[in-house]
Amino acid sequence: MSDDKINTTEEKIHGVVDQAKGHIKDAAGGLTGDMGLQADGKVDQLAGIAREEFADLYEEGESLVEKGVSFVRDKPLCALGIAAAVGTFIGWLLMPRRKG
């Protein structure tokens, strides 16, 4: 299961590198008048920003999952009650109503 985890530090580093590479391409394209190179640089910058944001969101998601697991481990009966209530509510919402 640990093979599925993402190394967020590595992803953030790759994001910063992509942004720097994008800035260089953007500047070189601006100096030479190459619009394609300039556009490619902007795409690299956006990809780097997206990669960093994804790593941050992944870390936050992992934190929430860990909190949920510890809640279930610490209070199993309460977690079971919440799951039963949510299941009943969803069932009530999805059941067809009889008219009459």
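Just so it is clear, the structure is predicted and the values come from calculations on it, not from any experiment.
Considering every non-hydrogen atom in both A55 and K12, the closest pair reads CB-CG, 3.8 Å. Between V72 and A79 the shortest heavy-atom distance is CG2-CB, 3.9 Å. The minimum heavy-atom distance between L37 and A28, with the atom names listed, is CD2-CB, 3.9 Å.
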| Under the side-chain contact (heavy atoms from CB on, under 4.5 Å) criterion, do K25 and V43 qualify, and how do the steps go? | CA-CA 10 Å; K25 283 183 181 180; V43 168; over 6 Å; no

Test side-chain contact (heavy atoms from CB on, under 4.5 Å) applied to I82 and F71, step by step: CA-CA 12 Å; I82 291 171; F71 175 77; 4.1 Å; yes

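Two residues are said to be in side-chain contact when any heavy atoms from C-beta on lie closer than 4.5 Å; D18 and Q45 fail this criterion. With a 4.5 Å cut-off on side-chain heavy atoms, E59 and S63 do not count as touching. Proximity of V16 to E52: side-chain heavy atoms (C-beta onward) are separated by under 4.5 Å at one or more points. Contact of the L93 side chain with the F89 side chain is registered, since non-hydrogen atoms from C-beta on lie closer than 4.5 Å.
In this structure, CE in M95 is found 14.0 Å from CD1 in I90, a value given to the nearest 0.5 Å. Interatomic distance, CG of D44 versus CD of Q19, reported as 10.5 Å (0.5 Å rounding).
V86 and L94 end up in the same hydrophobic cluster when Ile, Leu, Val, Met, Phe, Trp and Tyr side chains are linked at under 4.5 Å.
Ion pairing between a basic and an acidic side chain is recognised when a charged N comes within 4.0 Å of a carboxylate O; E11 and R51 show such pairing.
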